[in-house]
Amino acid sequence: MTADSNTINIAIQHRLNNSRAQTFCLDVNLQLPGKGITAIFGESGSGKTTLLRCLAGLEKMLNGEIHVKGLVWQSGLEIKPVHERRVGYVFQESSLFPHLNVEQNISYGVKRSPVMLSKPNYEKIIELMGLYSLLERFPEQLSGGERQRVAIARALLIEPDILLMDEPLASLDGRRKQEIMPYLESMHEKFDVPIIYVTHSIDEVARLADHLVVLQEGTVMTEGLLGEVLANTDLPIKLGEDTGVVFEARVAERDDDWNLLRAEFLGGELWVRDGGDSLDQSIRIRVLARDVSLALNAHTDTSIINRLRCRIEKIHEDEDRAMLLVRLVVGEVKLLARVSRRSAHQLAIKIGDEVWAQIKGVAILR
Amino acid sequence: MFSEGDVTAIFLTLRLATTVTLILLVLGAPLAWWLARTNSRLKGPIGALVALPLVLPPTVLGFYLLLTLGPNGPIGQVTQSLDLGTLAFSYSGLVIGSVLYSLPFVVQPLQNAFEAIGDRPLEVAATLGATPIDRYFSIAIPMAKPGFFTAAILGFAHTVGEFGVVLMIGGNIPGETRVVSVQIYDHVEALAYDEANRLALLMIVFSFLVLLSVYGFRKKSQRQILSFGS
């Protein structure tokens, strides 16, 4: 394994004896990018949390290699203790120290940092996480969402080499999730710390991740850039109605008459509802496979405004026996369409054909 | 109201209980911490050993202490060779006996309090750069504060209330080893029931107030411990 200074290399073979006397084996060999958000996605029991704990050193592995941006955290039996790794860890449930107030909680790590941390960074994080008014409060006086914001700030403040987040939204209800999401998204833009984000929610993956690792029963089923993994027609984890793709686009034009934005991506453009994004801003777009239908000709007599000329790259059976999953290519972007087998038969589509994709729904994620 | 001998006995008792409580908090906390965190096979035997004074008659403990600390006992010989005399029938011997006798009353509440903290706060502290010793002082001890309070009160009260161990290794030397419980015994022996009654009532009131404060405090502090992770 190379100790590249800009990647995170993980080789783990870890046997875990849990209480039910079953042995679970985590067998992972990964090279992850040293920046952006990598989502570890999988069902519960797939080993996501164990992977994160091994990375942090909270779970003792007898054998493994963990190299983070050129630093050796574990090499065989040589293990760097947790407190000597610069690792930010945000746990699933609130993990604030109950005997310390917010300010003391977030400065706990700062005080113990081996390097001088920058004051502007401190201010920036407090500001970004919206904590100014909460500094004097104690954890029990905070809402669940506020507690997670404090926990995130506390982890970010030590300027970690890597930030590990274990389902940070799982303990929050829907409204609180929406409340904290913008903070996570802005974190993504404003810090260059690599983030490993464990989740079982495909919505969180779609909104936050750049890179995706799909974990099942302790092994990596597939991994790669988010757009590519999601456009995989034979994804090992069935997403059902949530099957769809995510790609980046740029706001190119605003049409105030119809309250629409024209979003350009490499190879095409889409009209999306104007959510107030400014011109030239980069946005992330999600198109679900169930919202894409296929036509052989460009129909103009429909209510659907987005039609893209695409080439069929792959046709795959869907988990639903009446349906097919079709992968389409438009420029650099791949789309998925979920169509019935009967329509595919009637249209006589095959790989390599040029078709029109009619897109009924486009969501701007950020 | 109290005779000079009574007052001496009361102050001796308070001094003994304070000394013993302080020693027990300092020594008992790391022991309780170890018992709360370890996966060692020694956890069971050590835990049982610590709890022994709960079930043993104080005379058994006192008897063996007397043998060990006495002129022919192993510790007695060491102290004699160091020109310290023997610890039996001395205040220091009484302190040692009381520390052993009240050990479970301090270690068990502390162990419970440490166990109630769970792994999570300590893991968080580790990721924030705290060494194991740092975690003990900055997280474990503050979070176990209610446990320390209970432990201190129980340890103090239990030392005040001891009798058998005192009689075995302390004897009955005024100002040195004659504590309140022994003083009451003396009064009764001398058929001075009034004096015995006054001191005995004092003990009842004291013990009641102590327990009241423990139970009153527990109610409040349980919430604090449980609030972690909620």
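Throughout, a chain's letter reflects where its sequence line sits, starting with A, and its residues are numbered from 1. Only a predicted model underlies this, so the values are computations on that prediction, with no experimental measurement involved.
Applying the 6.0 Å contact sphere to CD of Gln13(A) captures no more than 12 heavy atoms from other residues, nucleotides or ligands. More than 12 heavy atoms of other shown residues, nucleotides or ligands fall within 6.0 angstrom of atom CZ in Phe2(B). Other residues, nucleotides and ligands contribute only 12 or fewer heavy atoms inside 6.0 Å of the OH atom of Tyr64(B). Around the NZ atom of Lys43(B), the shell of radius 6.0 Å holds more than 12 heavy atoms that belong to other residues, nucleotides or ligands. The neighbour count for Phe208(B) CZ, taken as heavy atoms of other residues, nucleotides or ligands under 6.0 Å away, does not exceed 12. Residue Ile133(B) qualifies as open at atom CD1: its count of foreign heavy atoms under 6.0 Å is 12 or below. Within 6.0 Å of the CG atom in Leu62(A), the count of heavy atoms belonging to other residues, nucleotides or ligands does not exceed 12. Annotation: Lys124(A), atom NZ; neighbour count of heavy atoms from other residues, nucleotides and ligands within 6.0 Å is above 12.
Residue Pro142(B) comes nearest to His99(A) through the heavy atom pair CB-CD2, 3.3 Å, listed as atom of the first residue, atom of the second, then distance. Nearest heavy atoms, Tyr108(A) versus Ser138(B): OH-OG, 2.5 Å. Residues Leu128(B) and Ile158(A) share a closest heavy-atom pair of CD2-CG2, 4.1 Å. Taking all atoms of both residues into account, the shortest heavy-atom contact from Asp134(B) to Arg112(A) is OD2-NE, 2.5 Å. Considering every non-hydrogen atom in both His83(A) and Ala130(B), the closest pair reads CB-O, 3.2 Å.
Partners of Arg37(B) by side-chain contact (heavy atoms from CB on, under 4.5 Å), not counting sequence neighbours, listed by chain and number: Trp33(B), Asp119(B), Leu122(B). With sequence neighbours left out, the side-chain hydrogen bond (donor to acceptor under 3.5 Å, both in side chains) criterion links His211(A) to Glu223(A).
Between Phe91(A) and Glu123(B), some side-chain heavy-atom pair lies under the 4.5 Å cut-off.
A distance of 9.5 Å separates CE of Met143(B) from CG of Leu100(A), quoted to the nearest 0.5 Å. A distance of 10.0 Å separates CG of Leu163(A) from OG1 of Thr127(B), quoted to the nearest 0.5 Å.
Near-neighbour residues of residues 170-181 of chain A relative to chain B, defined by a heavy atom under 4.5 Å from a heavy atom of that chain, are none. Chain B is approached within less than 4.5 Å, heavy atom to heavy atom, by Arg53(A), Leu58(A) from residues 47-59 of chain A, ordered by number.
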